[in-house]
Asker: 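Take this structure first; my questions come after.
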Amino acid sequence: MSYIYLDNAATTQVSESAAKVMLHYAREEFYNPSAGYAPALEVRKQIKRSANEIAGILGASGEEIIFTSCATESNNHAFSCGIKNKKGNVIVSSMEHASVYECAMRLKSKGIDVRFVNPDSSGHILPEDIAALADSNTAFVSIIHCSNETGTINDIQEIVKAVKKKSPSAIFHCDGVQAFCKIPTDVKKLGIDMYSVSAHKVGGMKGTGALYVRKGLNLPAFIAGGGQQESRRAGTENVCGIMSFAIAATEYRNAASNFNAHELRDIFIQKFAGDEKVKINGSGTDSGYVISISFLGLRGEIIAHGMEDKGILVGLGSACSTHIRSNRVLGSMGVSKEFAEGSIRISFSPHNNTAEAITAADALKEITDELRVRMSR
Ligand code: PLP
């Protein structure tokens, strides 16, 4: 069965050219990049080229990129290595992805002073709220760039300024997974120290990520071993993943620059405009790639199953945490339990089109109207 796929924040289809490159490095240039012979040195050179390509999208340089096994690893890397001597307090938001939030909870359980900042009702972290929590002992801050739940974009540049004013030596990490290739990003302009990205959200393979680490920020290695990647992250590089990541990211970034995600998002907004039992979560600055819709008194999983029966795949929230009933992020924005339980997440890629969005919005209206009629009987 062919589906209308609207769960691109969970994962994307591997692009054709990325798949081709992946196969090439699996079958032809399969050499270990740490070996000393010429074909292996060529692979090593190509890995550097990929690092330059990924870095270029972020306004960084190739030496500032560490390839990882996924963004979850990048985030764990940032937390484990970024908190020097385990001294000082840590600030994270409650709208973080689980791979950041759980790192913070782990630090808290070890007795570290972890301070949580909530987003406002529009789904944004306010610089003044961060400033109120930070002090001269703030050692590490992690704030998501673009929400995987609502698509809202945080003003990282202003947030960084607010933190550094209080604690100039604080290390600032940003989870950029849902922003990467979608929102033009210059890590130097943002003033951050670390930035996490993932390949499978932009047409690359699952199991490949990267962490930007600002030059001069000398962190200990997260994984010890054979000294690969200048001893910053040991382990034989995932050559197929890395090579296809660079191709996919460049392609995605180019496609994104000609894609109006807001046009598709607006189709859903207009479909439910004026219905007081429907809530669009997150407003103001957003990527357009994600829309979180809540239906009062309905259940997200039943709506999603109804959509699937009509050949449309949507998400329930973060794919990694669909088993968690109450939605932490929506709750932290002040969305009531009655609305939050009836939430679905629709997320686009540049491969989606207006016709798909219209079909999906019509289907969503039909399903939720039917469910309401059934409930009122
Ligand atoms: N951070 C955000 C914002 C995400 O959306 C995700 C995946 O959903 C991750 C981190 C984890 O990425 P990965 O699947 O590469 O570990």
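Counting starts at 1 for both ligands and their atoms, in listed order. Quick caveat, the model's predicted, so the values are computed rather than measured.
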Asker: Looking at ligand 1, does any of its N/O atoms fall within less than 3.5 Å of an N/O of A71?
Answerer: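 Min N/O separation from ligand 1 is below 3.5 Å for A71.
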
Asker: If you look only at distance, which donor and acceptor atoms sit under 3.5 Å apart when one is on a side chain in residues 98-105 and the other is two or more places apart or in another chain?
Answerer:
from : atom 1 : to  : atom 2 : distance (Å)
S99  : OG     : N75 : ND2    : 3.0
S99  : OG     : H97 : ND1    : 2.7

Asker: Is it the case that S343 and S294 place a side-chain donor and acceptor less than 3.5 Å from each other?
Answerer: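 Side chains of S343 and S294: pair found under 3.5 Å.
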
Asker: Pick one of side chain, backbone, both or neither for how K201 approaches ligand 1, counting any non-hydrogen atom pair under 4.0 Å.
Answerer: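 Side chain only; the backbone of K201 stays clear of ligand 1.
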
Asker: Could you list which atoms of ligand 1 come closer than 4.0 Å to a heavy atom of I144?
Answerer: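 Near I144, meaning under 4.0 Å from one of its heavy atoms, ligand 1 has 3 (C).
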
Asker: Identify, with sequence neighbours excluded, every residue that meets side-chain contact (heavy atoms from CB on, under 4.5 Å) alongside S257.
Answerer: none

Asker: Are F272 and F295 close enough that their ring centres sit under 6.0 Å apart?
Answerer: yes

Asker: Is the closest heavy atom of S99 to ligand 1 under 4.0 Å?
Answerer: yes

Asker: List ligand 1 atoms under 4.0 Å from S198, heavy atoms only on the residue side.
Answerer: 13 (P), 15 (O)

Asker: Is R214 salt-bridged to E64, going by a charged N under 4.0 Å from an acidic O?
Answerer: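 No, this pair does not count.
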
Asker: How does H200 reach ligand 1, if at all, at less than 4.0 Å between non-hydrogen atoms: by side chain, backbone, both, or neither?
Answerer: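 Near ligand 1, H200 shows its side chain, while the N, CA, C and O stay back.
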
Asker: What class does the angle between the rings of F348 and F268 fall in, given that below 30° is parallel, 30 to 60° is tilted and above 60° is perpendicular?
Answerer: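 Taking F268 first and then F348, their aromatic rings sit tilted (interplane angle of 30° to 60°).
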
Asker: So if I count the atoms of ligand 1 from 1 in the order they appear, which ones are less than 4.0 Å from some heavy atom of Q178?
Answerer: 3 (C), 4 (C), 5 (O)

Asker: Is a side-chain donor-acceptor pair under 3.5 Å present for H351 with S349?
Answerer: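 Distance-only check fails for S349 and H351.
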
Asker: Where on T72 is there a heavy atom closer than 4.0 Å to ligand 1, on the side chain, on the backbone, on both, or on neither?
Answerer: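 The answer is both.
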
Asker: Side chain or backbone, does N148 bring an N or O within less than 3.5 Å of an N or O on ligand 1?
Answerer: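 N/O-N/O distance below 3.5 Å does not exist for this pair.
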
